[in-house]
Number of protein chains: 2
Amino acid sequence: MASIKDVAAEAGVSVATVSRVLNGHPSVSDEARTRVLAAVRALGYRPNAVARSLRTDETRTLGLVISDVMNPYFTELARSVEEEARALGYSVIIGNADERPELQDHHIRTLLDRRSDGLLLSPTDGGSPLMLDAARAGTPMVFVDRWIPGVDVPVVRADGRDAVRDLVAHLHGLGHRRLAIITGPAATTTGSERVAAFGEALEAFGIALPEAYIGQGDFQAESGRRATDAFLALPEPPEAVFAADNLMALGALDAIRARGMRVPDDIALAAFDDIPWFVHTDPPITAIAQPTGELGRAAVRALVDRIEGRPPQSVTLSARLVVRRSCGEPPDPAKEQRVSHPDELLRIEGIRKEGEFSG
Amino acid sequence: MASIKDVAAEAGVSVATVSRVLNGHPSVSDEARTRVLAAVRALGYRPNAVARSLRTDETRTLGLVISDVMNPYFTELARSVEEEARALGYSVIIGNADERPELQDHHIRTLLDRRSDGLLLSPTDGGSPLMLDAARAGTPMVFVDRWIPGVDVPVVRADGRDAVRDLVAHLHGLGHRRLAIITGPAATTTGSERVAAFGEALEAFGIALPEAYIGQGDFQAESGRRATDAFLALPEPPEAVFAADNLMALGALDAIRARGMRVPDDIALAAFDDIPWFVHTDPPITAIAQPTGELGRAAVRALVDRIEGRPPQSVTLSARLVVRRSCGEPPDPAKEQRVSHPDELLRIEGIRKEGEFSG
DNA sequence: GATCGTCATGGAATCGATTACACGCGGCTT
DNA sequence: AAGCCGCGTGTAATCGATTCCATGACGATC
């Protein structure tokens with residue numbers, strides 16, 4: 001590959017001049033500029049980003065470590081992150097932690113070694129020493145979706161509290177009283193928050209949430225299946241199951257089918273995280289939709305703010321209930337919702353940013 | 001961040017010795033080695049991968065440019081690619097081309113600039129000059145899933161010819177005679193091959209494939225919808241629709257539903273690319289499953305072979321028909337298939353590598 | 001005891017860029 | 001006319017690693 005020296009030789013100038021032309025430095029004569037550009041074209045020269053990074057100490061690369069790429073929610077998040085990053089002149093390296101802390105650490109380590117300018121994390125656990133050290137050492141970092149309490153890192157996430165309350169109201173309105181939840185790992189905020197919100201909502205309706213109705217899952221389909229099996233084996237099984245993510249909902253659907261039962265006739269089902277497929281499942285699944293695309297974009301903006309020396313902002317958007325048929329009694333067909341792009345919800349719901357209310 | 005100089009100072013040796021210790025060079029005294037390792041630990045030193053790459057001219061990074069991350073087929077491909085790459089000591093940078101040639105070029109360019117050691121491509125089109133130049137210039141490269149004829153680059157893909165024949169036999173057996181296909185862009189091999197295979201299979205059954213039964217799609221859900229709408233508006237609409245990828249099948253399902261028709265009673269539906277969700281749609285969709293994970297792994301192995309100076313091998317695996325209910329007459333329930341991990345198919349079907357037969 | 005080989009080590013070049021500094025030149029001010 | 005400023009340019013230092021080469025110590029060999 002041609003280097004800047006080759007270009008300089010071809011154009012009959014010094015490497016400094018070539019560099020100045022390439023970086024738009026004003027102090028270059030038109031004469032030199034044209035000669036350099038001609039040489040660049042002639043040699044098909046492209047600057048070596050590795051060398052540039054070494055010198056400037058910036059790679060214009062963002063690291064994104066997500067819990068599970070196969071989960072459509074995170075796929076969409078990754079997609080929007082990449083789009084926004086590209087718009088701001090950054091590339092994204094995606095690490096798939098597969099819900100495994102040691103894999104998460106592996107990715108954080110390589111991203112750090114490769115000198116990513118910043119990290120976008122959705123922690124699978126309570127935070128490894130590696131991650132906490134990096135945060136303390138001043139590595140630009142933003143948590144997205146999940147976060148770790150007590151760490152001074154901006155958080156971009158959706159608040160599902162209201163939507164969960166809406167869901168419980170919906171279930172209650174359909175006559176369901178025995179409501180169960182399949183939760184994620186307690187070490188993740190999304191795991192614990194969703195049960196908490198569910199519990200509070202139930203309480204508001206004077207419904208108890210017995211231990212037996214809390215199934216421990218790990219955000220993977222298989223755990224949804226197991227938890228649902230356990231529910232159905234109970235002397236008094238629940239009338240409705242709320243899965244804290246979409247994959248566990250799929251597993252739950254499997255388990256219900258395996259017993260020859262039908263949704264929603266025999267049992268109601270709802271999920272956190274809406275995805276395009278939920279429109280086409282049998283039956284279409286009622287879900288809580290996050291403004292995924294906007295979350296990804298906001299996270300990138302916060303991280304880039306931090307990297308480029310501007311004060312980064314934590315952002316909380318709100319999630320929203322999308323009623324379909326999996327909890328019973330089809331709603332008025334005119335009101336039935338198709339949400340291929342959950343972002344459309346923003347136009348309906350509006351965006352709430354932290355600090356706009358109380359500060 | 002501590003650099004190798006700091007470590008050298010802390011350990012009281014030269015940077016050369018530190019480097020030797022870190023790279024396992026034999027000619028280092030135990031005394032020096034322990035001192036260096038102690039210093040490394042004390043300072044929390046991590047080698048700067050950027051500097052190392054500049055010097056050694058290798059980044060241990062692979063670029064993967066895929067057509068559409070939101071397509072579960074490619075998501076799974078990306079996942080298996082990352083896994084195998086990690087096992088071989090490489091990181092993967094994923095670029096999402098979104099079926100747009102100019103985006104594809106953007107990603108190829110940044111990957112080249114960042115000096116990725118090799119590229120894994122699934123071209124959205126017939127091949128841009130940039131891509132062809134890079135191939136000619138000797139950039140290690142492997143095509144996966146889709147490829148470009150006439151370019152000297154190894155190809156890792158699945159052959160769906162037999163499976164398509166099986167599908168046509170299945171449809172024919174169910175009494176369907178008017179069969180239509182929604183194809184991908186003709187510029188992609190997967191676009192044109194699938195129609196070709198379909199056409200040949202029909203011919204074998206003495207069935208014609210009129211122009212009106214070939215819907216032009218672009219591998220996105222929306223195009224599946226449009227093509228299906230056109231089919232249904234025909235004076236004599238098809239009895240079965242075969243979508244050349246999973247997203248277009250979803251679109252087709254939408255279009256059929258929108259007309260108040262039912263699958264499979266009013267029209268049969270099948271898709272290329274099997275995904276876990278197809279088990280849960282209404283009805284479960286008959287599909288042609290590719291050994292996606294194995295494709296990803298084989299592609300990485302071929303690319304790394306090429307990078308490390310071993311002769312790379314083109315690989316062709318075979319796809320396989322998975323019958324569900326979307327074409328009519330439910331098959332014997334005992335035979336109904338659940339394919340969450342299409343890789344399992346390998347155990348059934350076996351793997352065929354090019355060259356094992358004729359060479 | 002001179003010579004040689006082996007081993008551990010350090011000095012310095014190198015990868016390809018950016019950029020501080022110095023220099024020469026021309027024009028303007030006083 | 002001297003001095004100053006600003007512009008365009010080149011030389012060289014620098015980023016953090018790897019690695020070639022030289023050196024000195026030591027042991028073995030003759």
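Throughout, a chain's letter reflects where its sequence line sits, starting with A, and its residues are numbered from 1.
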Check: What is the distance, rounded to the nearest whole Å, between atom CG of B/D57 and atom P of D/dT19?
Finding: 12 Å

Next item on the list: Send over the distance from B/Y45 OH to D/dG16 P, rounded to a whole Å.
Entry: 10 Å

Next item on the list: Measure from the side chain of B/I4, starting at C-beta and using heavy atoms only, and say which of C/dT18, D/dA17, D/dC15 lies closest.
Entry: D/dA17

Next item on the list: Check whether more than 12 heavy atoms from other residues, nucleotides or ligands sit under 6.0 Å from atom CG of B/D57, and answer yes or no.
Entry: no

Notebook entry, point to check: Using a cut-off of 4.0 Å on non-hydrogen atoms, how would the nucleic acid contact of B/N23 be classed: base, sugar-phosphate, or nothing?
Noted result: sugar-phosphate

Note to self: Strictly distance-based, threshold 3.5 Å: is any side-chain N or O of A/T56 a donor or acceptor partner for the main-chain N or O of A/R52?
What the structure shows: yes

Item checked: Salt-bridge contact B/R46-A/D113 (side-chain N to carboxylate O under 4.0 Å) -> yes

Item checked: Rounded distance (Å) that lies between atom P of D/dT9 and atom CG of A/L22 -> 15 Å

Notebook entry, point to check: Which sits closer to the 5' end of DNA chain C, A/V18 or B/V15, going by the nucleotide each is nearest to?
Noted result: B/V15

Note to self: Can you measure A/D30 atom CG to D/dG8 atom P for me and round it to whole angstrom units?
What the structure shows: 9 Å

Next item on the list: Give the intermediate values and the outcome of salt bridge (charged side-chain N to carboxylate O under 4.0 Å, His left out) for residues A/E99 and A/R146.
Entry: CA-CA 12 Å; A/E99 303 286 2; A/R146 310 178 182 175; 2.9 Å; yes

Note to self: Using OP1 and OP2 only, check whether a side-chain N or O of A/S14 sits under 4.0 Å from D/dT11.
What the structure shows: no

Between the protein and nucleotides 23-27 of chain C, which nitrogen or oxygen pairs come in under 3.5 angstrom?
none

Check: Under 3.5 Å, is there a donor-acceptor pair between the side chain of A/D218 and the main chain of A/Q220?
Finding: yes

Margin query: Let's test your reading of the model: under 3.5 Å, does the base of D/dT18 pair with the side chain of B/R52 as donor and acceptor?
Written below: no

Margin query: What's A/S19 touching, base or sugar-phosphate or nothing? Going by heavy atoms closer than 4.0 Å.
Written below: base

Notebook entry, point to check: Rounded to the nearest Å, what distance is computed from the NZ atom of residue A/K5 to the C1' atom of nucleotide C/dA13?
Noted result: 11 Å

Check: Salt bridge or not for A/R297 and A/E294, using N-O below 4.0 Å?
Finding: yes

Note to self: Could you tell me if B/D145 and B/Y73 have a donor-acceptor pair between their side chains, going purely by distance under 3.5 Å?
What the structure shows: yes

Next item on the list: For B/V13, answer base if it contacts any base atom (sugar-phosphate contacts may also be present), sugar-phosphate if it contacts only those atoms, and nothing otherwise; contact means non-hydrogen atoms under 4.0 Å.
Entry: sugar-phosphate

Check: Between B/N48 (CG) and D/dT14 (C1'), how many Å, whole number?
Finding: 14 Å

Next item on the list: Answer whether the closest heavy-atom distance between the side chains of B/M141 and B/L121 falls below 4.5 Å.
Entry: yes

Notebook entry, point to check: Does a distance-only test, which skips hydrogens and angles, find a donor-acceptor pair under 3.5 Å between the side chain of B/R20 and the base of C/dG10?
Noted result: yes

Margin query: If I take atom CZ in residue A/R33 and atom C1' in nucleotide D/dG8, what distance separates them, rounded to the nearest angstrom?
Written below: 11 Å

Notebook entry, point to check: What's the CD-C1' distance between B/E58 and D/dT18, to the nearest Å?
Noted result: 12 Å

Margin query: Taking the nucleotide of DNA chain C with the nearest heavy atom to each, does B/E31 or A/A49 sit closer to the 5' end?
Written below: B/E31

Next item on the list: From the options C/dG10, D/dT19, C/dA17, select the nucleotide whose nearest atom is closest to the side chain of B/R55.
Entry: D/dT19

Check: Using a cut-off of less than 4.0 Å, is there contact between a side-chain N or O of B/S29 and OP1 or OP2 of C/dT9?
Finding: yes

Item checked: B/T17, nearest nucleotide to its side chain (from C/dG10, D/dC15, D/dG16) -> C/dG10

